[in-house]
Amino acid sequence: MAVRRVVPNVRSEAVRESREFYGLLGFEEVMNHGWIMTLASPSAPAAQVSFMADDKTAPVVPDMSVEVDDVDAAYALVRDGGAEIVHPLQDEEWGVRRFFVRDPNGLVINVLGHR
């Protein structure tokens, strides 16, 4: 299993203002589903930050997203390792398969793979 990217998720009700502010630093909007917006650097597209008012299908807003090449393997590893699964492994309508897990610091991590 390999990590493809890591994205901090910021809980925010100020999405428009965040887009404008981070635009000053060179970020551009690359995704907006209404409840989550992701900005990325045009020169380094894996440099991203997401802003979320809430999560469409999960009970909490995750602190971080980690994209992996095999989300099923990642799920099996963390589940078998005894980690707390916060949101079960499932396919989402926007083209990802994901689950949420709590890390030892109490942070909620959205582990995902694109389908």
Side-chain angles (χ1 to χ4, degrees):
M1 179 186 61
V3 173
R4 292 189 170 161
R5 74 187 158 115
V6 177
V7 179
N9 298 318
V10 178
R11 183 174 183 84
S12 176
E13 299 295 331
V15 173
R16 181 182 54 79
E17 297 86 348
S18 296
R19 180 178 45 243
E20 291 172 6
F21 175 81
Y22 285 91
L24 297 172
L25 299 174
F27 284 87
E28 295 179 355
E29 184 178 299
V30 294
M31 181 188 75
N32 192 331
H33 289 301
W35 56 275
I36 181 174
M37 174 191 67
T38 301
L39 305 177
S41 165
S43 61
Q48 299 181 353
V49 59
S50 291
F51 299 88
M52 304 173 74
D54 57 13
D55 190 283
K56 186 171 182 177
T57 65
V60 298
V61 171
D63 298 294
M64 179 188 317
S65 294
V66 177
E67 182 183 357
V68 296
D69 65 348
D70 188 342
V71 70
D72 292 284
Y75 180 77
L77 286 168
V78 298
R79 183 198 59 215
D80 295 349
E84 177 190 354
I85 303 298
V86 177
H87 182 63
L89 180 64
Q90 64 186 47
D91 292 329
E92 302 289 6
E93 66 185 42
W94 54 91
V96 300
R97 184 166 172 77
R98 70 179 185 157
F99 68 95
F100 291 6
V101 62
R102 191 171 312 278
D103 85 355
N105 304 293
L107 299 175
V108 176
I109 310 303
N110 171 30
V111 181
L112 68 120
H114 283 87
R115 292 183 281 139

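- Every side chain to side chain donor-acceptor pair (under 3.5 Å) that Ser41 has, sequence neighbours left out, goes to Ser43.
- There is no side-chain donor-acceptor pair under 3.5 Å between Gln90 and Arg98.
- Counting all heavy atoms, side chain and backbone alike, Ile85 lies closest to Val78 at CD1-CG2, 4.0 Å.
- For Val101 against Val86, the heavy-atom pair with the smallest separation is C-CG2, 4.1 Å.
- When all heavy atoms are compared, the tightest approach of Ala53 to Glu13 is O-OE2, 3.8 Å.
- No salt bridge links Arg115 with Glu92; every basic N to acidic carboxylate O contact stays at or beyond 4.0 Å.
- Taking the six-membered ring where the residue is Trp, Phe100 and His87 present tilted rings, their angle falling between 30° and 60°.
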#### Entry: Criterion salt bridge (charged side-chain N to carboxylate O under 4.0 Å, His left out) on Glu93 and Lys56, from CA distance to verdict
CA-CA 10 Å; Glu93 66 185 42; Lys56 186 171 182 177; 2.6 Å; yes
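- Looking at Glu29 and Thr38, their side chains never bring a donor and an acceptor atom within 3.5 Å of each other.
- Listed here is the closest heavy atom pair of Gln48 and Val7: OE1-CG2, 3.5 Å.
- Contact of the Pro62 side chain with the Met52 side chain is registered, since non-hydrogen atoms from C-beta on lie closer than 4.5 Å.
- The six-membered or imidazole ring of Phe27 lies away from that of Phe21, with a centre-to-centre distance of 6.0 Å or more.
- Taking both residues in full, the closest heavy atoms of Leu89 and Asp72 are given as CD2-OD1, 3.3 Å, listed atom of the first, atom of the second, then distance.
- Listed here is the closest heavy atom pair of Ala2 and Asp69: N-OD1, 2.7 Å.
- Cluster annotation: Val10 is connected to Val15 through the hydrophobic network of ILVMFWY side chains, with a link wherever side-chain heavy atoms come within less than 4.5 Å.
- Under 4.0 Å is where a charged nitrogen must lie from a carboxylate oxygen, and between Arg11 and Asp55 no such pair does.
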